[in-house]
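Please read all numbers here as calculations on a predicted model, not as lab measurements. The sequence lines fix the lettering, A, B, ..., with proteins before strands; numbering per chain opens at 1.
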Amino acid sequence: MKVKILAFGIAKDIVGGKAGEMEFSEHATISQVKTALSEKYPDFDKLAKFSIAVNESYQDDAYVISEGDELVIIPPVSGG
Amino acid sequence: MKVKILAFGIAKDIVGGKAGEMEFSEHATISQVKTALSEKYPDFDKLAKFSIAVNESYQDDAYVISEGDELVIIPPVSGG
Amino acid sequence: MIDITISSKPLSVSQCYDYVHDQRAGGNALFVGTVRDQTQGKAVVRLDFEAYKPMAIKEMQKIADTMVERWSALKISIHHRTGTLELGDIAVIIAVCTPHRKASFDACQYAIDTLKETVPIWKKEYFEDGAVWVAAHP
Amino acid sequence: MIDITISSKPLSVSQCYDYVHDQRAGGNALFVGTVRDQTQGKAVVRLDFEAYKPMAIKEMQKIADTMVERWSALKISIHHRTGTLELGDIAVIIAVCTPHRKASFDACQYAIDTLKETVPIWKKEYFEDGAVWVAAHP
């Protein structure tokens, strides 16, 4: 399935744009999403960490994504 | 010797005015000043505590007063 | 009783204080984060803040909810700036009032510490010779 | 870099913030103490603050000196009100800026805690049925 991905901060620089789409198998987990991102964009492995938010909430590695989810790549935050 | 005494807060109510004078022997200590005050105005013993400042600084019980000192009775403070 | 704003316009300390000001409260604590002129000895020229706004608002709301639960905060104002900031500009304001003062400090400090860990906002620091996304790399 | 005021006129949070605001600082902490509408469940009508002004200024200066020494405070503003205050009025403002944020909270909390112990200012609380000098009796 095709899933929409948004990127912010340095993640936007790494993927080369704010919004994109990636192809994942049905029932893919966040863990698989992160692995796929690191394979396609090796610069993600250089980050202190990165998280994935789904529908405006952080989700852990075991979370299963669904068609229509909006995934957001959250590199280390630095507000304040 | 006669010494000028200022009183603030509840101390002003106890001694019945903001400024007064009391007679002390030469080389009287703050400890003796406090005892004399408690004897003359028993209400001082009802306070949580009271301190004496001399020339705008707290002084401890052993401090020896001199002619010309300005003693200030400092009941428990409650600023802020 | 919770006022959360993410704005590209300059932030106002008195606006946040006025919001939290309450006769039921004795203690008001405020934290104001401003743009420093240097980072580890290197001169900063300006900053950019980028926010994932809808999620940032949700995460700030969670922080405020915890301040209410844990420290009985009566009113809370959290304002964060986005866009380009010059030296000395205000990046964030947290204001909170509580019945007693100790709680106001604890709640305020919790809020800024947690905001810096969880709220999806990113700071890019510009130096004379380039720019970096803060905290991105180990 | 130290601004100490005892005044019978209303205090201003933005005035204190503006004083401490500094490009060398990343963290500004402010504490604002206001008149609560009750004390231990009893309705407060108004307050009077009386200060032994010259000594109070000296003791506030000592507090500020310690904030500079112990927490590298860059600028400090301590304003205390005297006279009659109504509910919600500001009794005290402490504002401090430090290079890093943790120090600003610690310095600010030290200042208000110490002010309440050492600075010769006295608060009289007025209730419907009388008045008391706060903390006078055990």
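When heavy atoms are compared at a cutoff of 4.5 Å, C/F49 approaches chain A solely by way of its side chain, counted from C-beta outward. Interface residue C/K124: only side-chain heavy atoms are found under 4.5 Å from chain A. With a 4.5 angstrom heavy-atom cutoff, C/H137 touches chain A via backbone and side-chain atoms both. Looking at C/A56, there are no atoms closer than 4.5 Å to chain A (heavy atoms on both sides), in backbone or side chain. For C/E117, the part sitting under 4.5 Å from any heavy atom of chain A is the backbone (N, CA, C, O) and nothing else. The part of C/V119 that comes within reach of chain A is its backbone (N, CA, C, O), which places non-hydrogen atoms under 4.5 angstrom from that chain. The contact between C/A91 and chain A is made entirely by side chain atoms (from C-beta outward), counting heavy-atom distances below 4.5 Å. The contact between A/Y58 and chain C is made by backbone and side chain atoms together, counting heavy-atom distances below 4.5 Å.
Your options are A/P76, A/S78, A/S51, and the one with the most heavy-atom pairs under 4.5 Å with chain C is A/S78. Taking chain C as the reference chain and counting heavy-atom pairs below 4.5 Å, the highest number among A/A48, A/S57, A/A11 is found for A/A48.
Counting heavy-atom neighbours within 6.0 Å of C/E128 CD, excluding the residue itself, gives a total of 12 or less.
Looking only at side-chain heavy atoms (C-beta outward), C/W133 and A/D13 come within less than 4.5 Å of each other. At a threshold of 4.5 Å between non-hydrogen side-chain atoms, the residues C/E50 and A/K12 count as touching. C/K123 is not listed as a side-chain neighbour of A/V77, based on a closest heavy-atom distance of 4.5 Å or more. When side chains are defined from C-beta on, A/L6 does not count as touching C/M55, because their heavy atoms never get closer than 4.5 Å.
Put simply, the side chain of C/W122 never gets that close to the backbone of A/G79: no donor and acceptor are under 3.5 Å apart.
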